[in-house]
Structure formats: structure tokens, C-alpha cells
Amino acid sequence: MIQETIVTSLSTDGQCHIAPMGVHVENDFLIILPFRPSLTLENITHSGCAVLSHSDDVRVFAGCLTGRRSWPLVAAERIAGMRLRDALSHQELELVRMEDNAVRPRLICRVVHTATHASFTGFNRAQFSVLELAILVSRLDRLPKEKLESDLAYLRIGFEKTAGEREREAWEWLMEPIDSRRRKTEGDGL
Ligand SMILES: Cc1cc2nc3c(=O)[nH]c(=O)nc-3n(C[C@H](O)[C@H](O)[C@H](O)COP(=O)(O)O)c2cc1C
């Protein structure tokens, strides 16, 4: 199982770095798989810990991918780290070991603390659409134009039917890099 979540990690100068990541759940371990180069990777290998914030506010996912990384944070409880203030729940992790890899190392972590802050209010199709769109944006430079346009048309269906304010704002942010890529490919005559 893979949980799409927000990973926070501290750099050597104490700055908190926020990145959306798909964290793999394997037995009692949570595995973070950052693609190199990655500040998250550097931070976790140095500090030996990380925090996962579970949030239904998809603006955080869309925001991190579009340069909007300043989200309210509060201190973690058991480790040196920060979590999203508005997370529904969070998990504090200790790095157990790293399985190194030139492309995508595996950071094997164990949970040292879990806390719930708000209740889950149900699935929302627009949130799924925004998450999938965020994944497309994270691969924009490698994505064929036809694949982008067909996936976008599909994601728009659930989005249009069910989005609230937060999902609409997140969608708009993600459409900025997509529109700029469209303009570029049109300008290049592709
Ligand atoms: C839903 C979602 C899941 C993601 N999962 C991963 C992941 O597992 N590994 C990764 O390296 N990047 C992932 N990304 C992209 C990163 O968030 C983004 O590239 C980020 O800048 C990572 O690099 P950093 O550690 O230097 O911040 C994901 C993005 C989204 C929207």
C-alpha cells in the first residue's frame, strides 16, 4: 500500500522542508523513496528522522509542486521535527536503515509516535483528481502531449462534479505549469 502524504524533514540549519511523497507501507515499516537529487533524502539521512502529515487539503500537494511551500507548521512531539498544523493526523518516524540506490534509495523507517487531530470526513473525487494532476505535473517534462491531454480530460470529470474551494484553488495552481508547457509546445510547433 502506498500513502500519498506530506513528508517534513529538517535540514542541518534547522529549516523545515516540505515535500509530497508516496510512502510505502510494508509490515511494520514505512518506506520513503526519494528520487535523487532530493533535499528530503539529504535531510533524513543526516537527521535520522522525518514526519508524515496526513492531510485532505490537496492545496498542500499542489502548492509544494508549484512553489508554494509555506504552510503552517507546529513542532513534532517525540522527535526533532515539524508537522503540518492542519494535518488530520501525523506520524513521527525514525530512520532504521537506508537501502542505497543510484536513482531512488529506500529509507526504511519505523513509527515512534502517531497522533490524530481531526476526523476524516469522507472521500472526495476532486481530491483524487488534484493528486493525480499533481503527479502529472511532477513528470511534466517527460510526459507525451497526448497522454497529458487525455489524462487531464479524464481527471476533469470527477473534479468538475465534486470540487470545493480548496480543490479549485489547487487545480488552478497546477494548471499554471501545464498551460505554460502548452504555450511552449505550440511555440515550438510541436
Ligand atoms: C502525490 C505525490 C507523490 C510524490 N511521491 C514522490 C516520491 O515518492 N518520491 C519523490 O522523490 N518524489 C515524489 N513526488 C514529487 C516530489 O514531491 C517533488 O519532486 C519534491 O520536490 C521532491 O524533492 P525534494 O525531496 O528535493 O523536495 C511526489 C509528488 C506528488 C504530488
Side-chain angles (χ1 to χ4, degrees), residues 2-25 30 32-35 37-95 107 109 111-140 155 159 162-178 180:
I2 299 178
Q3 295 175 324
E4 302 302 344
T5 193
I6 301 295
V7 180
T8 42
S9 56
L10 290 188
S11 59
T12 41
D13 61 0
Q15 291 284 324
C16 185
H17 179 66
I18 307 184
M21 297 228 167
V23 173
H24 295 221
V25 182
L30 294 180
I32 302 171
L33 292 106
F35 286 100
S38 160
L39 186 51
T40 303
L41 173 65
E42 272 179 42
N43 288 350
I44 298 176
T45 48
H46 183 268
S47 68
C49 49
V51 179
L52 307 185
S53 293
H54 308 302
S55 173
D56 59 358
D57 187 347
V58 287
R59 292 177 306 175
V60 184
F61 292 82
C64 287
L65 284 190
T66 55
R68 299 166 174 93
R69 285 185 190 263
S70 156
W71 296 95
L73 299 167
V74 293
E77 289 159 39
R78 300 272 171 83
I79 59 163
M82 310 284 282
R83 68 164 172 91
L84 286 179
R85 183 194 65 193
D86 301 328
L88 299 179
S89 65
H90 84 279
Q91 291 169 301
E92 300 179 12
L93 309 184
E94 251 174 30
L95 178 64
L107 301 173
C109 301
V111 180
V112 294
H113 181 63
T114 301
T116 302
H117 312 288
S119 56
F120 172 63
T121 55
F123 295 108
N124 171 263
R125 291 171 63 195
Q127 289 168 356
F128 160 80
S129 294
V130 170
L131 278 190
E132 287 299 314
L133 192 62
I135 300 273
L136 292 182
V137 166
S138 75
R139 299 173 184 159
L140 206 50
L155 295 174
F159 171 77
T162 68
E165 280 303 307
R166 298 191 308 190
E167 291 75 27
R168 290 193 185 283
E169 192 170 20
W171 185 275
E172 273 173 30
W173 292 346
L174 292 168
M175 286 306 295
E176 289 166 5
I178 291 176
S180 103

- Query: Under 4.5 Å between any side-chain heavy atoms of L33 and H24, yes or no?
  - Reply: yes
- Taking every heavy atom of I32 against every heavy atom of P34, the minimum-distance pair comes out as O-CD, 3.4 Å
- Query: Rounded to the nearest 0.5 Å, how far does OG1 of T162 lie from CZ of F123?
  - Reply: 13.0 Å
- Message: H117: which residues meet the ring-ring contact (aromatic ring centres under 6.0 Å, His included) condition with it, sequence neighbours left out?
- Response: H90
- Item | Set of ring-ring contact (aromatic ring centres under 6.0 Å, His included) partners for F159, sequence neighbours left out | W171
- Message: Under the ring-ring contact (aromatic ring centres under 6.0 Å, His included) definition, can you give me all pairs with a residue in residues 45-76, not counting sequence neighbours?
- Response: none
- Note on the structure: From the list T114, L93, V111, side-chain contact (heavy atoms from CB on, under 4.5 Å) with L52 holds only for L93
- Do you know which two heavy atoms are closest between E77 and A115, and how far apart they sit? OE2-CB, 4.3 Å
- Query: Taking it one step at a time, do D56 and N124 satisfy side chain to side chain contact (heavy atoms under 4.5 Å, CB included)?
  - Reply: CA-CA 9 Å; D56 59 358; N124 171 263; over 6 Å; no
- Query: Under the side chain to side chain contact (heavy atoms under 4.5 Å, CB included) criterion, do M82 and L10 qualify, and how do the steps go?
  - Reply: CA-CA 8 Å; M82 310 284 282; L10 290 188; 4.2 Å; yes
- Between E4 and G22, the two heavy atoms sitting closest are OE1-CA, 3.2 Å
- First locate atom OG1 of T66, then atom CD of E172, and finally report the distance between them rounded to the nearest 0.5 Å. 11.5 Å
- Side chain of R59, backbone of E169: donor and acceptor closer than 3.5 Å? no
- Task: Would you please test V7 and I44 for side chain to side chain contact (heavy atoms under 4.5 Å, CB included) and show each step?
- Result: CA-CA 10 Å; V7 180; I44 298 176; 4.2 Å; yes
- Who passes side chain to side chain donor-acceptor pair (under 3.5 Å) against E94, sequence neighbours left out? R110
- Query: Is a side-chain N or O of T5 found less than 3.5 angstrom from the main chain of S53, in a donor-acceptor match?
  - Reply: yes
- Under 3.5 Å: donor-acceptor pair, side chain of R83, backbone of R85: yes
Determine all donor-acceptor pairs shorter than 3.5 Å in which one atom belongs to a side chain in residues 130-138; sequence neighbours excluded.
residue	atom	partner	partner atom	Å
S138	OG	I135	O	2.8

- Query: Does the E167 side chain pair with the main chain of A126, one donor and one acceptor, at a distance under 3.5 Å?
  - Reply: no
- dist I2:CD1 -> M21:CE (nearest 0.5 Å) comes out at 13.0 Å
- Item | Nearest-0.5 Å distance, CG of residue L73 to SG of residue C16 | 5.0 Å
- To the nearest 0.5 Å, what is the distance between OG (S55) and CG (L88)? 6.0 Å
- Message: Quick one, V58 with F128, criterion side chain to side chain contact (heavy atoms under 4.5 Å, CB included). Give me CA distance, side-chain angles, the key distance, then yes/no.
- Response: CA-CA 9 Å; V58 287; F128 160 80; over 6 Å; no
- Message: My understanding is that only residues two or more places apart in sequence, or in another chain, count here; which of them pass side chain to side chain donor-acceptor pair (under 3.5 Å) with S9?
- Response: N43
- Query: Does the side chain of S11 come under 3.5 Å of the side chain of D13 through a donor N or O and an acceptor N or O?
  - Reply: yes
- Task: Could you tell me the separation between the CD atom of E42 and the OG atom of S47, rounded to the nearest 0.5 Å?
- Result: 11.5 Å
